[in-house]
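The structure appears right after this line, and notes come after that.
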Amino acid sequence: MYVVSGAVGIDPGVTLTVASGTIVKFAQGASLNVNGTLNANASSSNPIYFTSIKDDTVGGDTNNDGTATMPSAANWEHIRIASGGTANFNNTIVRYGGRYVHWTTSSDADLYNAGGLLTIASSTIEYGVNGVHHKNGTTTITTSILKDFSGTGGLYKVDGAGSVSISSSTFKNAYYGVIFNSGGQLSVTNSLFTDNNVAMNIVTDAELTHSGNVASNNDKNGIEISGVTSSNQTWTADGLPYIATILTIGNGSVLTLDPGVVMKLNSSSHLTIEGTLNANGLLTNPVYFTSIKDDKVGGDTNNDSNATSPGSSDWENITVASGGTLNLKHSVVRYGSRYVHWSTSGDANIYNRGGILNIGTSTIAYGTHGINQENGTTTVWNSHLEHNTSGAAATNQVTATSSFMATNNYWGGGDTGPHHYAFNPNGAGEDVSDYIDFSPWMSHYLLRFEQDCIDLQPDTPNEDCNAVEDRELRWGWHASSTQVYTSELNNATTTWGDEGLVAIVEDQSTPTVELVTDDFDVPWRGAYYPPTEGELPGLIRLDTGKLDNDTFAGRQNTWTHELGHALGLTHSVTGNVLYSAQTQQTVLGLQDKSDYHYLWGF
Amino acid sequence: MRDMIKITQKKYTFVVILVVAFASLSLVAWYSFNATSFLTDKIGLSTDISNEPLLFSHAQWPYDPTDTKAVVTNSQAIFIGQIITREENYSTGAGFSSPLFVVRVISVLKGDLSSGVKLLQSDIEYRNARTYVMEGDIAWPKNVRAEDILLHEGSTYLFATYETKATDTYGIGIAPYDRELITTDASLADSSIIELAKQNPRVQEIINASVKIGALNTSWK
């Protein structure tokens, strides 16, 4: 066993190797400054300890005081890795450090990377004021446990740069499991955060990559984030939602949210867009902006089980400033609208103060207003505005620079659509104010697609559901098929082709969907079989035994119906060719068109 | 040395016996499996598809099957029948086949049937070693199993059928509107089955619709 009683240094070019099973105890004021190399690589059965001289649990009663003194955080200073220094810890336990002396030389953490190369593997860092203080250099933590800290965090960074990589590690019982409060690169994967006040806290300058993490029983089970973005960033989904406090997308910067990102906000939170925010959700994996009380997505972020439930005005809003752009696709914005002050706040989930809103295939719900526009340009389409006191409101007079297009949306109220006192007084859906183009509206919000298609629209058709490849639906006759009802077929291909975006062409050599007609022993008129396991082509069967006795329009309806399947749509409601039963309808219905364009764009 | 040879020969003989026995047992097991397999696909191979992943195809019905009067009007025969056994799959064309059952006809609500018919369940189809389940206006749960959809031997159903091209063979394929389970109890007397059927809400719907369009056989009036 070794006792370090003062400041000990490892000079540049010098390597200190600590043998497995070695116990190093530090007296008050003692520290180890690594300018050279420190190798503390032990076996799992015989670890190395760096601990307090008061720690009698290993190496005996080194200070010979019986139980008169007990070890605690800040019993000694730290192991500091200076610029150019290297420290490797493997199966090592570091505890009770973090005594802070002076800001110019000291850190209140067990381990302090001031600019060197720090590697921690299969080790335990514990009982310090903080665990690992990263200021600069490179820190790598794998399969380790950082726990029981009295100060700021298991890993913290308040200034400096460099990179930190964390994987398969546990952060437990600190104020922050990880706090990364300045620029630099932070990678956190497959790690567990538990019993902390906040699982993670980062600033927008941090370049965070993360995946596979789990947070449980923290007061905030998520990644707290605040600040102003100054560079283009992409945020990805994880088991941990983002908890935005005061977040601004800075002028000139672009923040992209990947599918599945969940951003939660609390009563004093808002999001301001001066640059561009792209929320790129998918139908089955949307992007969410919601209340911290909303446990339905992102888990129980405020860790109160069912004690609180979300409601309107739980958080402020997404404000789009003049010059800002908000693009929402397959996103959900709900439970906002908390009104703070007329000069800064709009009682809406989304508040346009002069920017550009482009909202498609999204849900805006449970606010006072869904969208409130003071100025700017708003386009919202194929979206669902419901459970707001008022679905949309353009609060100011429309001017040449202000427009609010909101056609083809669902507002509740079924066929009757949204309510406008003058233009649609019988609408049973949500209210719309003046100066909003809301007609036509969707009478349903069904999103009728082949199950496996829905995540891949519009640019990456899925061969397991539709039969579209490279924006082409290439049909060809099956070799064994008679070729009948060709006029009806031509009409059907024209019907869909007129919608654009997907070319529907005959191709006998490389079809993406084959057609076969015969007198089958079946009860149906037509059937579509999607390509399976990525193997084109799909197949359309038509039963001539029954269709021969149908009308021209009936046969055209059947072709149109089956081609609709091949384009990725599934069964719809009456009034549409994708209705599950044959009709005489040969033109597309509103839902047919709506679903087609939802899938393939406009 | 001789003893060693004897021992080696004994081992060899023992191994041969084991191999032959194993092969025989395997053959017996294989035959037994095929003899009992109720999913013999005359186009594909004999494969029990009960645990195979299902694929979903999409049909356009000839009428609105949620309209019970339309179901009655468009049905060739409506009857209560008990599934006796399953036969070889029935080809419906274009490389597809569907399960075929022998059915004992217990009572006929519409049409004129013999006491025994065959029934084609065309909402399940086999092709190229794949199993398709036909969806119409309903969507099956993605974890649905073939055995959840297949008719069960011994069970009795009400069937609203379409006419196939084969003699004495009727088809169902518009799930769930053209079938209704009456009982899984194969030991019930026909009279008890009829009583159960009369209490069944779906059967009552069918009867009421049949009365309205004058299609109900006199024995049910």
Side-chain angles (χ1 to χ4, degrees), chain A residues 448 450-452 464-465 478-482 514-533 535 538-547 549-550 554-555 557-566 568-574 577-583, chain B residues 53-67 70-71 74-76 89-98 100 118 120-125 127-142 160-166 169-175 177-178:
Chain A
R448 298 282 190 160
E450 299 295 346
Q451 185 64 33
D452 295 329
D464 286 332
C465 54
H478 189 277
S480 67
S481 179
T482 57
E514 287 190 322
L515 316 180
V516 56
T517 59
D518 205 344
D519 183 4
F520 303 120
D521 261 340
V522 293
W524 36 258
R525 293 294 191 267
Y528 170 70
Y529 302 78
T532 53
E533 299 165 8
E535 296 175 15
L539 183 71
I540 290 174
R541 293 170 77 190
L542 261 62
D543 180 33
T544 58
K546 298 180 180 63
L547 285 166
N549 299 318
D550 286 343
R555 289 190 289 268
N557 172 269
T558 298
W559 276 128
T560 313
H561 178 103
E562 302 307 338
L563 288 171
H565 282 315
L569 278 61
T570 193
H571 288 144
S572 187
V573 294
T574 54
V577 297
L578 266 297
Y579 179 54
S580 59
Q582 188 199 49
T583 68
Chain B
L54 300 179
L55 301 168
F56 297 92
S57 51
H58 306 270
Q60 187 194 42
W61 304 139
Y63 56 87
D64 177 4
T66 62
D67 178 354
V71 172
N74 288 280
S75 293
Q76 172 74 13
N89 290 342
Y90 180 95
S91 172
T92 58
F96 288 87
S97 67
S98 291
L100 185 68
K118 291 183 179 179
L120 173 68
Q121 188 180 0
S122 63
D123 49 307
I124 291 182
E125 297 181 295
R127 186 185 193 233
N128 293 338
R130 292 186 173 118
T131 305
Y132 293 87
V133 174
M134 192 66 74
E135 293 186 327
D137 63 326
I138 56 104
W140 291 104
K142 293 305 170 191
T161 63
Y162 66 93
E163 186 177 19
T164 73
K165 288 184 282 190
T169 300
Y170 297 83
I172 57 168
I174 309 181
Y177 307 101
D178 57 359

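Below, chains carry the letters A, B, ... as their sequence lines are ordered, and counting in each starts from 1.
In this structure, no portion of A/Asp543 lies under 4.5 Å from any heavy atom of chain B. Heavy-atom distances place the side chain of A/Leu539, and not its backbone, under 4.5 Å from chain B. With a 4.5 angstrom heavy-atom cutoff, A/Arg541 touches chain B only via side-chain atoms. With a threshold of 4.5 angstrom between heavy atoms, A/Ser480 does not approach chain B through any atom at all. Residue A/Asn557 touches chain B through both its backbone and its side chain, counting heavy-atom pairs closer than 4.5 Å.
Residues A/Asp519 and B/Lys165 meet the side-chain proximity criterion, which asks for heavy atoms closer than 4.5 Å. Using a 4.5 Å heavy-atom threshold, the side chains of B/Thr66 and B/Tyr177 count as touching.
In terms of heavy atoms, A/Val522 sits closest to A/Lys546 at O-NZ, 2.5 Å.
Ring planes of A/His565 and A/His561: perpendicular class, angle over 60° (limits at 30 and 60°).
Every residue two or more places apart in sequence or in another chain that forms a ring pair (Phe, Tyr, Trp, His ring centres under 6.0 Å) with A/Tyr529 is listed here: B/Phe96, B/Tyr132.
Each of A/Ser481, A/Gly554, A/Gly526 has some count of heavy-atom pairs under 4.5 Å with chain B, and the biggest count is that of A/Gly526.
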